[in-house]
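Structure, as structure tokens:
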Amino acid sequence: MPLALNEEQRMLRDTARDFLQNDAPVNLMRQLRDDANEKGYSEELWHKMIEMGWPAVAIPEQFGGLGFGFIGAGAILQEAGKTLANSPFFNTVALGAAAIIHGGNEDQQQSLLPKIAAGELTLALAHEESNHHQSHGIQCQAFIDGKQLTINGNKKFIAEGANADLLIVSLRTAPPSSNNDGITLALIDPSTEGIKINKVNMIDSRNYAHIDFSNVTVSTENIIGERHNSQTLLDKTLDHGRICLAAEMLGGAQAMLDKTVEYLKDREQFGRKIGAFQALQHRAANMFAELEIAKSAVIHALSAIDDNQDLAVVASSAKTLANDCYRLITDEAVQMHGGIGLTDEMDIGFYLKRCRVSIQSLGDSGFHKNRFATLNEF
Amino acid sequence: MPLALNEEQRMLRDTARDFLQNDAPVNLMRQLRDDANEKGYSEELWHKMIEMGWPAVAIPEQFGGLGFGFIGAGAILQEAGKTLANSPFFNTVALGAAAIIHGGNEDQQQSLLPKIAAGELTLALAHEESNHHQSHGIQCQAFIDGKQLTINGNKKFIAEGANADLLIVSLRTAPPSSNNDGITLALIDPSTEGIKINKVNMIDSRNYAHIDFSNVTVSTENIIGERHNSQTLLDKTLDHGRICLAAEMLGGAQAMLDKTVEYLKDREQFGRKIGAFQALQHRAANMFAELEIAKSAVIHALSAIDDNQDLAVVASSAKTLANDCYRLITDEAVQMHGGIGLTDEMDIGFYLKRCRVSIQSLGDSGFHKNRFATLNEF
Amino acid sequence: MTDLSKFKQETSEWLEANCPASMRKPQSRNEGVFGGKKFTFPSDDAKLWFDLMVEKGWTAPQWAKEYGGAGLSSDEAKILNREMERLGCRKPLIGHGLWMLGPALLEYGTEEQKREHLPKIARGEIRWCQGYSEPGSGSDLASLRCKAEDQGDHYLLNGQKSWTSDGDKADWIFCLVRTNDEGPKQEGITFLLFDMETPGITVRPVPLITGESHFCDTFLDNVKVPKDQVVGEVGKGWSVAKALLVHERTMMADIEKNMPKPKYSVDDYAKNYLSMDKNGRLQDGLIRDRLAQHMMRDEAIKLTQKRAFEEGMAGDFDMRVATIFKYIGTEEKTNKDTLITDILGMAGAGWDKENFSADEQTKTHEWMSNKALTIAGGSSEVQLNVISKRALGLPEV
Amino acid sequence: MTDLSKFKQETSEWLEANCPASMRKPQSRNEGVFGGKKFTFPSDDAKLWFDLMVEKGWTAPQWAKEYGGAGLSSDEAKILNREMERLGCRKPLIGHGLWMLGPALLEYGTEEQKREHLPKIARGEIRWCQGYSEPGSGSDLASLRCKAEDQGDHYLLNGQKSWTSDGDKADWIFCLVRTNDEGPKQEGITFLLFDMETPGITVRPVPLITGESHFCDTFLDNVKVPKDQVVGEVGKGWSVAKALLVHERTMMADIEKNMPKPKYSVDDYAKNYLSMDKNGRLQDGLIRDRLAQHMMRDEAIKLTQKRAFEEGMAGDFDMRVATIFKYIGTEEKTNKDTLITDILGMAGAGWDKENFSADEQTKTHEWMSNKALTIAGGSSEVQLNVISKRALGLPEV
């Protein structure tokens, strides 16, 4: 499994970096927040991304994709994390497309993947039901009666939940048994009758929603993957998301480290650059080391996606290391900047807030270390 | 509950400090080790301690004690920890006397406590049965038949186990039930037939033993505390030990911090005292702060003993903070001294090794944080 | 009956009779009475209580009557304080004037300055703010550059002050300025007072990451300040400021003491927000460990403060220990805030008022705003420097 | 068939035919063949294998035949190396002479020095030790003060060297001495060779906290060293030493590679020594968390080395990353040792050989001896300085 980008992927990364630094600086994010933008992202930016073919990067070539794999998607997300550039990219590709690629039947793949690749369809995963991420404890219920699925329950903190064209919803359709895990995934149009979408504003100013399902009926054709037995598909989908989110987070951590080092070189106190104080130097050096090892865990996990390897262990490692190092670096960025780091004028608060939501999304370090331990049987 | 020593206790502490610094420097410990001393302590030193009345400090006055309480005993142990001075004091007083004070019947108290106070009797607690400390998982069995107790089983890592005049042994005498916890403590003469004492050398060069009991019979008069129901007594005894050991550990931590700070002021590299390097300064300052808060937890716990308060929570806090700060400080002492800290000529290795054994004795931090959480119902 | 017992009895009776019930509960920051020209009382009771106390001179009990106080002896003031604490009476007036500038004027001010300013402070007529920090001078305050040129009868001020706490709500400012560029940097600093309405002053509130803005940038553009508004000697402002620091700490402790006690303890949050396994243990082992660790440390820090006090009383106190409190206390507080929001999960990262409980919003807010604790009032780095020098005697970097 | 394929085939056949079975297993430190006058072979096979390889010049395959080597080309040497690895053949000879002084002499030595010393190294007749550190010069090696006075045809040495690895077992030493007290400290250093039996040398093994003593203090009291035993120019010894450092790292990596693989992984220890709850989880939640954390980090560090290699091949390597390996690798190794002994509990703190298994003794020993990892070869503090300067470009302290 490669740990370095190939030439094409490097070009993709470099182009993404230039584009995002120019067209989606942190100020764009600030503007969207100050305007209380409904979507939490710039339509214009998203259209440019579509023009550049980004939604297609990780889609297999036979479905109109570019076949850069998830290493490619990860490279874009890492660059997006650097400027906190938001778009439907992450939820549509890392969660939505992943579920369809691995669970969709031929019809679904033929009809949906080319649309995703073309930027004509955005997706969101409606999965969480409480304040904390969980893999399988699904309460949101659906009864299957003939060709019809009737859904009742509540989903929470759905990223892009109030924006996406289609939702992929995780449902409990049967009690777990020896043959079935009881979980089913279904594609649901958010305008279906019985769906109530409640927008939730989080500190990172992106788009989230709680969604209530009250006797929502859809055709069983909307089921993705195996009926009553999609825990593995769900895990795989979540792992795609965890790994890709980790990539985005490392971009943020990198930006914060760079900005902090710049500040250390610039700011003077007690007659010298504060970057000449050894205690700060050692802490900065440690941040650099932590970030580099986290990067390796993340690219390894992205590579595992592309090589169709088992994702559980590598996803949990990647998310844990990304969580811990993003938190370390944003906390240190605030502390080293001093009071000014707590003003809204500086960008640091935006990263701090995004970091916190990212840590909670798709599993904090306690969740993933527990999962890692369980997978390793200890 | 007082957190400061009263005048008498301060005098006791100051006398102990002067005496131990002069009569029991680390070199005494080194000498005992190099001579492969059977007991692991100096008889001469112990006799001087007896002359000074130390074994009596924590014994109630009605039993010939001095009534300084465990704050007094803790003050002595803290000073002893500074020079790694070993003696039967800890095991006899903090574990042995504690069990008899809280569990002994009047006869036992009348016959044993004055002897302890006079330095005529040393005790050891034979409780552990595996590599890790545990409170109640006792396998060592005893059957009670009329007036006789027949013991079979193995006890491990008994501090002073090959030296003590008498052993206090924790035994399983019945299955736990709603009325009984099934645990009984008994005083056993180590020369009783059927007892095999196997000396164990640990890295801290003190005296430890594994002891096997094979059909050892003693009179039921040797039982201390309630028959079949002494878990509470055992817990209380162990908590006395945990708190007092924490006091000893903080003495060691203090000595290591002092020695390291001295070295930082003395050693030059790159044309300046290494204590002028800010990264080391901040780490040393943090060590100082950690040690001071740990001291408060320990004196609070010692005070709780004297005030007859519930010990469980305070003992677990004291031992955890002592464990963590002793480890931090010895590890940093080695790192800051550099290679020379790893030579046997320096004293650091002695503290490092004693620290490690102390951490494992009577519960490491994982054990105590788990216990603390359970006691706080989370 | 001694005079003091009599005073105690009368005080107690008066407080019982006059302090409104709603003024006997802990108060949050936005319930505080800061006074000043622009101030609106948070409630009728607050106004009533304030007026009654001003009348008795008990907003500044120990200040002389001619300065707006009650001229109480130190023993009487202690009794008043204790009685107010016993009944839970709120401070009728709080703020920089009463707690910081007042004591400084009493020590360093001229008689004219005292007569001019102290009564207005005690009666809550003028609200004060503090102009110390500058964009280039945070931890290294003495490097401040705000320039005061000697123009004969007045100084001409140019420069910028930052972190002016409630600068937009204050009437007057006490301010450190540079009157001399040469020599040791501490010795060219002068302590000045001036009206915030003096021409040339622009105040701009600075939004914080919490969405609030308690602090201002204050721009000084050819601001004229009469020379009789210097407190203490010219060039000795650093000493005045240092003396004030002690009062700042007292003020902080006082505010802290009067804050409402948190509704839930940290372990309450864990029990309310997280699931337990069959043995009644938190399922999240990492949180469980962090929580136990925090509770132990938090208690040990509190015990250390008590121990310092008791050892002090017993004459057995190691002064070096005093250097650790700011550092270890604020670090643990930050740790606690992080732990609580981690326990809340997504509910500890919410922004809107509809989907998150008031308490969740508070905790999320505290996590952000308390990041200032390890920065303001001597950052953790400065504290570690202090510990390593003063407690450990390590050499200068 | 090309010459190289032929060489490969012959080499393979020769190794198969001549390398004893017992020499095809990983070797621990005390199974190594270091050579020298005082050396005793650990086994007959080791002696046999050594003799055969010396005869072929394959102890130093790339050195010229007149220097005791086999004069192999770089390609041939690679093939030999690969074939030996493939069959698991042990290095027939190891040590400071072969891996450090040899390469230095090839680069900086005179022809006489090469002819004098290299063959004796390649044939394992002379064992070398290194005299760099001094009691006052650890991290700051260039401050060394061991004095070499110019006495016309020889130098007169006075001073002390510390950490002389196996100084009591070596025949000769390569040593840094100060020949000039003035100017930049690096420029007064000279690289000297001398016989450890020269009058005036006292070697004292230094016991370590592990109970072993691999290192010596070496006292130099009026030791005469002929001037033709200077390697490189007088006053340029620092450059020779710096060049050697690279070889030291290669040597360390080589030794590491040939060490026996540990019998158990860290999680094996946890499973063997700790109890599980009913759900198959370690009961000790703290150890469980630390173990998961360590395994993730350990893997991430290994992956970073691989990534650096792959990015290097792809021409996309950020050179700054190379600065972290020593620091983060040794810190994690120390963390691992601590974790294992914590898992072993009291069995990780034993000293005697009767009550503790060989493996428990090894782990306890490693915990102690590996504390040197974050100190020797550039302490973690020095590494952090390097990262902050070279990778982050932060200014000098």
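Proteins come first, then strands; the chains are lettered A, B, ... in the order of their sequence lines, and each starts at number 1.
With chain A as partner, the option from D/M276, D/M313, D/M295, D/Q383 having the largest number of non-hydrogen pairs under 4.5 angstrom is D/M295. With respect to chain A, the highest number of heavy-atom pairs below 4.5 Å among D/E331, D/R307, D/R297 belongs to D/R307. When each of D/I301, D/L291, D/L274 is checked for heavy-atom pairs under 4.5 Å with chain A, D/L291 comes out on top. Of the listed residues (A/A294, A/A284, A/A276), the greatest number of heavy-atom pairs within a distance under 4.5 Å of chain D belongs to A/A276. Among A/A373, A/A297, A/S365, the residue with the largest count of heavy-atom pairs under 4.5 Å with chain D is A/A373. With respect to chain D, the highest number of heavy-atom pairs below 4.5 Å among A/L321, A/N286, A/D324 belongs to A/N286.
The 12-atom threshold is exceeded at CZ of A/R267, counting heavy atoms of other residues, nucleotides or ligands nearer than 6.0 Å. More than 12 heavy atoms of other residues, nucleotides or ligands sit less than 6.0 Å from atom CD of D/E85.
Of the two parts of D/I328, only the side chain, counted from C-beta on, holds a non-hydrogen atom closer than 4.5 Å to a non-hydrogen atom of chain A. Only the side chain of A/I299 comes within less than 4.5 Å of a heavy atom of chain D; its backbone N, CA, C and O stay farther away. Within the 4.5 angstrom heavy-atom criterion, atoms from both the backbone and the side chain of A/H282 approach chain D. Proximity to chain D (any heavy atom under 4.5 Å) is shown, for A/F277, by neither the backbone nor the side chain. Heavy atoms of D/A391 lying under 4.5 Å from chain A belong exclusively to its side chain. For D/E396, the part lying near chain A is the backbone, with the side chain staying farther off; criterion is any non-hydrogen pair under 4.5 Å. For chain A, the nearby parts of D/D289 are the backbone and the side chain; heavy atoms of each come within less than 4.5 Å. When heavy atoms are compared at a cutoff of 4.5 Å, D/K302 does not approach chain A at all. Of the atoms belonging to A/M287, not a single heavy atom falls under 4.5 Å from chain D.
Under a 3.5 Å cut-off, the side chain of A/R10 and the backbone N or O of D/A314 do form a donor-acceptor pair. Of the possible polar contacts, one joining the A/Q9 side chain to the A/N6 backbone as a donor-acceptor pair under 3.5 Å is found.
A/H337 and A/Y263 have parallel rings, their planes meeting at less than 30° on a 0 to 90° scale where 60° marks the start of perpendicular.
Residues from residues 369-382 of chain D that place a non-hydrogen atom less than 4.5 Å from a non-hydrogen atom of chain A comprise D/E381, given in numerical order.
Ion pair D/K333/D/D337 flagged as a salt bridge, since at least one NZ, NE, NH1 or NH2 atom sits closer than 4.0 Å to an Asp/Glu carboxylate oxygen. The pair D/K271-D/D267 counts as a salt bridge, with a side-chain nitrogen and a carboxylate oxygen less than 4.0 angstrom apart.
If you check the side chains of A/E292 and D/T304, you find no donor sitting under 3.5 Å from an acceptor. Under the 3.5 Å distance criterion, with hydrogens and angles disregarded, a donor-acceptor pair is assigned to the side chains of A/Q278 and D/N385. Judged by distance alone, the side chains of D/S137 and D/S143 do bring a donor and an acceptor atom under 3.5 Å apart. A donor-acceptor contact closer than 3.5 angstrom links the side chains of A/S316 and A/R371.
Inter-residue side-chain proximity for D/L344 and D/K363 is flagged as met; some heavy-atom pair is nearer than 4.5 Å.
Considering CG of A/L291 and CG of A/L257, their distance stands at 6.0 Å, rounded to 0.5 Å.
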